[in-house]
Amino acid sequence: MAALVHVAEHHGFEYGQSIGTGHKKTLVLIRMYRKGSLQPLPGARDAVARTKDRIMFDVLSSHAADKPRKMPGHGMRAVLALVLLASGKPLVALVGGGMLAEFLTGAFKWGEIRRQQITARLTGAAFVPVRDGSGRQGFLRPGQQLPGHAEPFAA
């Protein structure tokens with residue numbers, strides 16, 4: 001909790017007090033007070049920006065343009081074309097299906113470009129690209145290890 005209070009204090013809050021609460025007082029409530037603006041201090045601004053980049057990379061990667069993610073989009077394109085064909089408008093079906101395909105291609109490409117930009121910022125800040133056990137890519141701060149990979153007998 002002290003580490004979280006420390007982080008909050010670098011973002012415009014000040015520690016007030018802590019009290020025991022809840023059933024048998026097993027929970028601790030920490031009161032923090034706003035101190036000025038809620039902007040990160042100058043030293044923390046870059047760390048916050050890199051954390052935001054890591055979060056965005058993870059979110060964008062979870063929606064990456066891999067085959068399972070593309071299939072629903074292409075399914076929608078096919079349904080649109082079939083509905084328009086059934087209504088007796090073959091030219092509109094062709095144009096509508098083509099436009100939806102172009103839109104999907106652009107959206108998937110745009111997501112890839114954003115991931116590449118974030119990757120460049122993170123590697124430029126000395127973050128290390130890694131893959132976890134399931135093959136998902138992410139970034140670690142310099143010197144950080146994947147969770148669960150720390151040396152248990154290190155001093």
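Owing to the predicted nature of the structure, the values given are computational and were not obtained by experimental measurement.
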To the nearest 0.5 Å, what is the distance between [atom1] on [X] and [atom2] on [Y]?
X    : Y   : atom1 : atom2 : value
L4   : E9  : CG    : CD    : 11.5 Å
L29  : I19 : CG    : CD1   : 4.5 Å
H11  : K35 : NE2   : NZ    : 12.0 Å
I118 : R50 : CD1   : CZ    : 10.0 Å
M1   : I30 : CE    : CD1   : 4.0 Å

NZ/NE/NH1/NH2 to OD/OE distance under 4.0 Å, K109 and E112: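 No, no charged N to carboxylate O under 4.0 Å.
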Side chain to side chain contact (heavy atoms under 4.5 Å, CB included) partners of L94, counting only residues at least two apart: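 For L94 there are no side chain to side chain contact (heavy atoms under 4.5 Å, CB included) partners, ignoring immediate neighbours.
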Counterpart residues, side chain to side chain contact (heavy atoms under 4.5 Å, CB included), relative to T119 (two or more places apart):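 For T119, the residues satisfying side chain to side chain contact (heavy atoms under 4.5 Å, CB included) (neighbours in sequence not counted) are F57, T123, F139.
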According to a 4.5 Å side-chain heavy-atom criterion applied to Ile, Leu, Val, Met, Phe, Trp and Tyr, with indirect links allowed, do [X] and [Y] form part of one hydrophobic cluster?
X    : Y    : result
V48  : L140 : no
V28  : V5   : yes
L80  : V92  : yes
L104 : M99  : no

So, for [X] and [Y], which heavy atoms are closest and what is the spacing to 0.1 Å?
X    : Y    : answer
L60  : R114 : CD1-CB, 3.8 Å
K25  : G20  : CD-O, 3.4 Å
P142 : A126 : CG-O, 3.1 Å
L84  : S87  : O-OG, 2.8 Å

More than 12 heavy atoms of other groups within 6.0 Å of R136 CZ: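 Yes, enclosed.
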R141 atom CZ: more than 12 heavy-atom contacts under 6.0 Å: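 No.
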Salt bridge (charged side-chain N to carboxylate O under 4.0 Å, His left out) involving R121 - partner list, sequence neighbours excluded: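 Testing R121 for salt bridge (charged side-chain N to carboxylate O under 4.0 Å, His left out), a comparison that skips the adjacent residues, returns D53.
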Under 4.5 Å side-chain linkage, directly or through intermediates, the cluster mates of V83: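 V83 shares its hydrophobic cluster with V79.
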F127: partners by ring-ring contact (aromatic ring centres under 6.0 Å, His included), with sequence neighbours left out: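 Per chain and number, F127 pairs via ring-ring contact (aromatic ring centres under 6.0 Å, His included) with no residue.
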Pairing residues for H23 by the ring-ring contact (aromatic ring centres under 6.0 Å, His included) criterion, not counting sequence neighbours: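 Partners of H23 by the ring-ring contact (aromatic ring centres under 6.0 Å, His included) criterion come out as none, since no residue qualifies.
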